[in-house]
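Each ligand, and each atom within it, is numbered from 1 in the order the structure gives.
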Amino acid sequence: MPRIAIIGGSGVYDPKLLENVREEFVSTPYGKVRVKIGEYGGEEIAFLPRHGEGHSVPPHRINYRANIWALHELGVERILSTSAVGSLNEAMKPGDFVILDQLMDFTKTRHYTFYDGEESPHDRKFVAHVDFTGPYCPELRKALITAARELGFEYHPTGTYACMEGPRFETRAEIRALKILGADVVGMTQCPEAILARELEMCYASVAIVTNFAAGISREKLTHKEVVELMAQKSEEIKYLLMKSIRYIPKERRCGCKDALRGATGD
Ligand SMILES: O=P(O)(O)O[C@H]1O[C@H](CO)[C@@H](O)[C@H]1O
Ligand SMILES: Nc1nc2[nH]cnc2c(=O)[nH]1
């Protein structure tokens with residue numbers, strides 16, 4: 001049973017670090033999910049490409065609830081993810097790694113919760129308001145930071161991610177506004193992915209890889225091609241970072257993630 005999962009974002013479509021990979025189809029109340037499960041470092045790791053194998057699913061159409069529910073069904077407690085981002089912070093350059101610690105949600109049409117009361121398509125029919133002060137697991141963040149430092153990568157131990165609806169990139173005015181609001185990087189997939197993991201009391205952290213300066217800061221036209229190309233250039237480093245991080249994840253969970261529902265339901 002995999003305790004740890006990796007969710008691969010743009011440019012991360014196959015679990016290069018896993019061996020003896022098998023596929024499991026997990027039925028969830030939100031649909032079926034195909035998950036790869038392999039071995040690394042003597043333990044089972046699950047892998048899920050959030051955009052599908054051939055990047056066929058755009059960010060606003062990803063079935064985040066099915067994905068996170070499926071990993072929970074498999075027994076996953078800890079999720080590491082990658083996210084390709086644009087940078088609003090001149091100190092965060094293309095190719096840099098940012099271990100996210102905060103996010104802001106500007107998405108519009110997504111499904112943000114498992115807790116729809118009586119309408120929930122499962123037996124968790126209660127109302128829940130989870131604390132999300134710190135959206136990322138401190139223990140997973142520490143593992144990513146330690147690994148990035150030891151590997152000698154260009155990394156930033158904190159960063160605020162603004163999640164936009166997409167699939168278009170931003171206007172110059174939107175980036176100007178996000179910078180005033182304190183965002184460091186911008187993407188399209190951390191919400192509701194991070195929220196849903198917390199709602200199922202799973203630990204979640206994301207390593208953002210800066211692929212470009214954001215609209216109005218970059219002198220070039222923004223292209224998804226550039227995003228995927230840079231992610232391809234970074235694929236070995238990303239693999240080493242994930243492999244090393246996994247070794248630093250404590251066996252015992254001492255973070256608050258595992259008790260996220262305590263007090264959230266009013267009982
Ligand atoms: O966040 P990931 O999945 O890395 O994908 C990023 O890359 C795409 C834009 O090129 C968007 O989907 C953005 O969210
Ligand atoms: N929203 C958004 N996502 C990205 N992913 C990679 N670059 C970008 C960007 O500039 N904006």
For K36, is there an ion pair with E53 - N to carboxylate O distance below 4.0 angstrom? yes
Quick note on ligand 2: atoms under 4.0 Å from a heavy atom of T211 include exactly 6 (C), 7 (N)
If you look only at pairs with a residue in residues 81-117, which of them pass as a ring-ring contact (aromatic ring centres under 6.0 Å, His included), with sequence neighbours excluded? Y30-F114, W69-F114, F97-F153, Y115-F126
Should we count NZ of K179 as having more than 12 external heavy atoms under 6.0 Å? yes
What protein heavy atom sits nearest atom 1 (N) of ligand 2, and how far off is it? E170 OE2, 2.7 Å
What protein heavy atom sits nearest atom 4 (C) of ligand 2, and how far off is it? V186 O, 3.6 Å
Contacts for ligand 1, heavy atom under 4.0 Å, by chain and number, are G9, S10, R50, H51, P59, S83, A84, F169, M188, T189, H224, V227
Taking only heavy atoms of L222 into account, list the atoms of ligand 2 that are under 4.0 Å away from them. 10 (O)
Check this for me - ligand 2, V227, N or O atoms closer than 3.5 angstrom, yes or no? no
Assess whether a salt bridge exists between E139 and R78, defined as any Lys/Arg side-chain N lying under 4.0 Å from an Asp/Glu carboxylate O. yes
among protein heavy atoms, the one nearest atom 8 (C) of ligand 2 is G86 N, 3.3 Å
R22 meets the side chain to side chain donor-acceptor pair (under 3.5 Å) criterion, sequence neighbours left out, with E24, E44
How far is atom 7 (N) of ligand 2 from the closest protein heavy atom, and which atom is that? N212 OD1, 2.7 Å
Do other residues, nucleotides or ligands put more than 12 heavy atoms under 6.0 Å from the CD atom of E154? no
Check this for me: E19, atom CD, are more than 12 non-hydrogen atoms of other residues, nucleotides or ligands nearer than 6.0 Å? no
In the protein, what heavy atom is nearest to atom 9 (C) of ligand 2, and what distance, to one decimal place, separates them? F169 CD2, 3.5 Å
Mark yes or no for whether K93, through its side chain, and E90, through its backbone, hold a donor-acceptor pair below 3.5 Å. no
Using distance alone, with no hydrogens and no angle criterion, decide if Q190 and Y204 have a side-chain donor and acceptor under 3.5 Å apart. yes
Give the residue, atom name and distance (to 0.1 Å) of the protein heavy atom nearest atom 5 (N) of ligand 2. A84 O, 2.9 Å
Apart from M1 itself, members of its ILVMFWY cluster (side-chain separation under 4.5 Å) are none
